[in-house]
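All values below come from the heavy atoms of this structure, side chains included, with hydrogens, waters and symmetry mates left out. Proteins get letters first, then strands, A, B, ... in listed order; numbering begins at 1 in each.
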Amino acid sequence: MLVLENIHLELETGEKKVPILNDVNLEFEAGKMYALTGPNGSGKSSVARVAMGIYRQTKGRVLFDGEEISELGISERARKGIGYGFQHPPRFKGMPVKDMLELAMKYSDNVNCQVLRDIGLCPDEYLERTLDNSLSGGEIKRIEIATLLAQNPRVRIFDEPEAGIDLWSFEQLINVIGSSHREDTTTVVISHQEKILNMVDEIILVEDGTVSMRGSREEIWPRIKESAECSCRYSCQLGGEIYADCPR
Amino acid sequence: MLVLENIHLELETGEKKVPILNDVNLEFEAGKMYALTGPNGSGKSSVARVAMGIYRQTKGRVLFDGEEISELGISERARKGIGYGFQHPPRFKGMPVKDMLELAMKYSDNVNCQVLRDIGLCPDEYLERTLDNSLSGGEIKRIEIATLLAQNPRVRIFDEPEAGIDLWSFEQLINVIGSSHREDTTTVVISHQEKILNMVDEIILVEDGTVSMRGSREEIWPRIKESAECSCRYSCQLGGEIYADCPR
Amino acid sequence: MLTALDKKLLEEIADLHGEPPGAFNIRKDGKGIERRSLEGIEITPKKDQPGIDVVVNEGKEGTIHIPVILTETELSDLVYNHIDIGPGADITLVAGCGIHNPGSGKAQHDGVHEIYVRKGARLIYTEKHFAEGESSGKKVLNPKTVLVIEEGGYAELELVQIRGVDQTTRVTEAEVQAGGRLVMYERLLTGGEQSANSDVVVNLMGEESTARIVSRSVAQGNSKQSFNPRLLAHGPGRGHVECDSIIMDQATVRSVPEIWAENAEAELVHEAAIGKIAGEQLIKLMALGLTEEEAEEAIISGFLK
Amino acid sequence: MLTALDKKLLEEIADLHGEPPGAFNIRKDGKGIERRSLEGIEITPKKDQPGIDVVVNEGKEGTIHIPVILTETELSDLVYNHIDIGPGADITLVAGCGIHNPGSGKAQHDGVHEIYVRKGARLIYTEKHFAEGESSGKKVLNPKTVLVIEEGGYAELELVQIRGVDQTTRVTEAEVQAGGRLVMYERLLTGGEQSANSDVVVNLMGEESTARIVSRSVAQGNSKQSFNPRLLAHGPGRGHVECDSIIMDQATVRSVPEIWAENAEAELVHEAAIGKIAGEQLIKLMALGLTEEEAEEAIISGFLK
């Protein structure tokens, strides 16, 4: 369904170009679920942003249903059926959740409903709330996922959907991503979460801007377990003199 | 160790007095761990705030080590060994985490160290951070727990320590509360979390401002399971006409 | 009699379809043309100067419409309205001015509203400004609102001007007494060569008096906007001012707020931001299939909602 | 020669123990008393007026101390300093004024610092004010800083006045050219009958010029504070002003900021808050065993850090 072919990406930061992706080749099939995992900064979100047209690759091609879409803009790709749930969704002053959901359904053929309820938010409470700072990071994130569910595109890319999500909602998140996946849908989840890696058909490990491994949970998990944990616990020492003669 | 005897509490909101607690009787023993659970607004935090001296009971007595402390202020109770980790800790502009931890150890006999590391925060990264809006709600909350761990009082009351805490940190939270509990310490955790209810010696159910049940996890859990889940999932319907002819 | 044009203007500024419900006074081209008082809500023309007196009796509930429309060019209309909302009354008052300037002369409306919200009364006040005209004639609107909220009173002001008005200086002065509450929403959109100034001063006089001012504006084209909201706490009052502007094209926006606390129990907060539409906002909406123009439109209309 | 009192003042305002490292100029009671230039950092007395010229050569790194102390009563000292930080230089400059007024007359120091941060240069500038005196003599300090940051330059200003100064009007004017960055921290604590005014104006001139102003103050006793920070973007610059005041006792605080965007790519934000210490903050620290007074002290000293 969605193919990334020989993708290279450089981004400008200040005055110099920084290489982000290096020869990424990926094929996502209909009906399958994928997890993109790997260390922070390895390029997972950039892969998604290239697919969505937010970043334009320096080299390579993007194909959708066999047709090259490399030159299409974000809006056009969205209307063809590619959808992306932001890792850090922007806030919108004055815009109610209801309006955002309506916008999500505007150009979509198979809109979903009850999306707020699916993600554990009470519609009566949230439909009229505005997407500004009055909502917590976790609420904004859940509404972002609900927006992608409402849009219900054929390719659904969730970018770290678990970030900022509390314990209760995480179970619902897993359930709703799984239960809303269909035969003609490709679901891609960027995640470090073991439970998410457990539910997909294939895990793609991204390291240093390229795909270093593809495979099953059994093959990949041992390789990423360590990087998925907080490295701080092993490397940091307590600073400051006041702790000098502490017992531990 | 800590006894609440026949506690009644009324609080003034605007011009009228609202009854909050009604004849609460509780005994907390050294070496034991307790969970205070019950619906939101039932009075769990108020029980803790009466123990700490933040709220002054309208009727009843508070005893610590057999001595009545009803008339003592917050600071004096803290110096005797009662500690309280806030549900919603305030932020402090310009105050580094390090200073807060030092203040926590100032009047404490058995200070703890490595508390940031225990709660999964890298000290090198966090000791100099200021307790203002630059920290997320979850970070502020973890630092609040670290502060109580640093103070290491004989009575430790954690007020919904899991709120705003992400998945990774929750495991650490459970571990650190358990492993820092000692023979001469009383640990009280206000929580809805099943995992926390599983680790304590006794569960206290607070409903409508009074203790409605005390007992083991097996006795209490069935009674609170329902209220602990999001009631919204069962009671809410989607609003707004745009959803009217949705398939589900 | 109201012409079709009059009716269109009234619909724009006061959401009126046909004759207003409740009490009303319609002023057209400098003259009161229709008026209805009700028991407990009396509207009378001023004797010494242009304008009306609106007196609402104690405890009365109801709706009042007092729109002004201008349909002539080279007309300068000045009006003084005195509005007295009696103790414990609960009133929705819809003011506003619509200008259709058919010619190349200037059409100007200057309105002074003096409003008393007596003890424990509640007022929802809406004032919308709208102007149109095929030709080059300037449309000028200078509203001034002087508001006194007595003890325990509540007033909510919604002041809206979306496009069409070439030049405006809006002055809002409020005194909030003990326990009184003021909420004010301002929405402004200017474009072309338009200019808009808004001067607001709120005096928090007593215990527990509060004010919340939310101002949102969009400046497009070559337009110029300037804001000067002032919030003074003479006693232990609490106030929050929030000014947000989206700036586009060659427009300029200036914001000079003031907070002044003369009491240690006062709490005053001011926040202001001027900036363009964030790139991530546009991208987010485009990823839902909207074009860049549609995305911009959706963001602005939400922002000014 | 420096007396023990002089040394104490120097320690307060410039953290100096004995002779400063690097280049320095010490001014006492209206006269330069000690001075050291270094290669590439030249300090020369002005010929036509009181004050010094400090010239730092291109690419030079180092530390410069130019403290001023006043130890006499009934003395009014006025000084003009011209400071030129050459292209690519990296300098830490410690200014500041300490007053010990032994009598009942007025002791006043008015200093004008004109500072050029040339292309790509970097300046850390600290100015501390301190005053003391057993008797009733007024201590007045009026510093004025005029700053030009050329392309790609960086300046960090730390302006501190904690207690002691009876009256101050501080003026800071900055022009930030393309790619230049200004960071300014202001810390003020007043008490008793003291008064402090701070007027800041920052002009963001070009592409990618940025400014961040953080002002924190505590007003105690009967003191009066007034702030007037202005941030103007003439091009696509970005700026953030943050003013926070804790108000106590019978003090008053007034804040009149201004943000003015003349370019649609500009992003300006202002936040101001005046309020007392939050009850929950006090309770939190008391729950750690601090008394209410200790808690208040800890909160204030953190706030002004």
Novice: Would you say CZ of Arg238(C) has more than 12 non-hydrogen atoms from neighbouring residues, nucleotides or ligands within 6.0 angstrom?
Specialist: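 No, not enclosed.
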Novice: Is the shortest side-chain N to carboxylate O distance from Arg79(A) to Glu294(C) below 4.0 Å?
Specialist: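 Counted as a salt bridge, because a side-chain N and a carboxylate O are separated by less than 4.0 Å.
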Novice: Of the backbone (N, CA, C, O) and the side chain (C-beta and beyond), which part of Lys305(C) lies under 4.5 Å from a heavy atom of chain A, both, or neither?
Specialist: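 The side chain, not the backbone.
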Novice: Quick check on Arg91(A) against chain C: is it the side chain, the backbone, both or neither that has a heavy atom closer than 4.5 Å?
Specialist: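 Interface part for Arg91(A): backbone (N, CA, C, O).
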Novice: Any chance you could lay out the side-chain contact (heavy atoms from CB on, under 4.5 Å) test for Tyr107(A) and Leu288(C), step after step, and finish with the verdict?
Specialist: CA-CA 7 Å; Tyr107(A) 292 104; Leu288(C) 299 177; over 6 Å; no
Novice: Could you look at Leu103(A) and say if it's the side chain, the backbone, both or neither that has a heavy atom under 4.5 Å from chain C?
Specialist: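 Leu103(A) touches chain C through backbone and side-chain heavy atoms alike.
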Novice: Drop me the distance from Lys93(A)'s NZ to Ile246(C)'s CD1, to the nearest 0.5 angstrom.
Specialist: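 The CD1 atom of Ile246(C) is 9.0 Å from NZ of Lys93(A), to the nearest 0.5 Å.
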Novice: Does Glu27(A) have more than 12 heavy atoms from other residues, nucleotides or ligands lying within 6.0 Å of its CD?
Specialist: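 No, because the 6.0 Å sphere around CD of Glu27(A) holds 12 heavy atoms or fewer from other groups.
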Novice: For a quick test of reading the model, state the closest non-hydrogen atom pair linking Glu292(C) to Ser75(A) and the distance between them.
Specialist: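 Taking Glu292(C) first and Ser75(A) second, the nearest heavy atoms are N-OG, 4.5 Å.
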Novice: For His181(A), look at atom NE2 and say whether over 12 heavy atoms of other residues, nucleotides or ligands are found less than 6.0 Å away.
Specialist: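 Yes.
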Novice: Which bit of Ile82(A) is near chain C, if near means a heavy-atom gap under 4.5 Å: side chain, backbone, both or neither?
Specialist: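 For Ile82(A), the backbone is the part near chain C, not the side chain.
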Novice: Distance check, rounded to the nearest 0.5 Å: Met100(A) atom CE versus Lys284(C) atom NZ?
Specialist: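 Interatomic distance, Met100(A) CE to Lys284(C) NZ, rounded to 0.5 Å: 6.5 Å.
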Novice: Considering residues, nucleotides and ligands other than Glu207(C), do more than 12 of their heavy atoms fall under 6.0 Å from its CD?
Specialist: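 Open: at most 12 neighbouring heavy atoms sit under 6.0 Å from CD of Glu207(C).
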Novice: Hey, does the side chain of Gln151(A) reach the backbone of Ala287(C) with a donor-acceptor pair shorter than 3.5 angstrom?
Specialist: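 Yes; judged by distance alone, with no hydrogens or angles, the pair exists.
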Novice: For chain C, which candidate among Gly53(A), Ala78(A), Pro89(A) shows the most heavy-atom pairs at distances under 4.5 Å?
Specialist: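 Option with the top pair count is Ala78(A).
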Novice: Which bit of Phe92(A) is near chain C, if near means a heavy-atom gap under 4.5 Å: side chain, backbone, both or neither?
Specialist: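 Looking at Phe92(A), backbone and side chain both touch chain C.
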Novice: Given that the side chain runs from C-beta out, which part of Pro96(A) has a heavy atom under 4.5 Å from chain C: side chain, backbone, both or neither?
Specialist: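 Just the side chain, heavy atoms under 4.5 Å.
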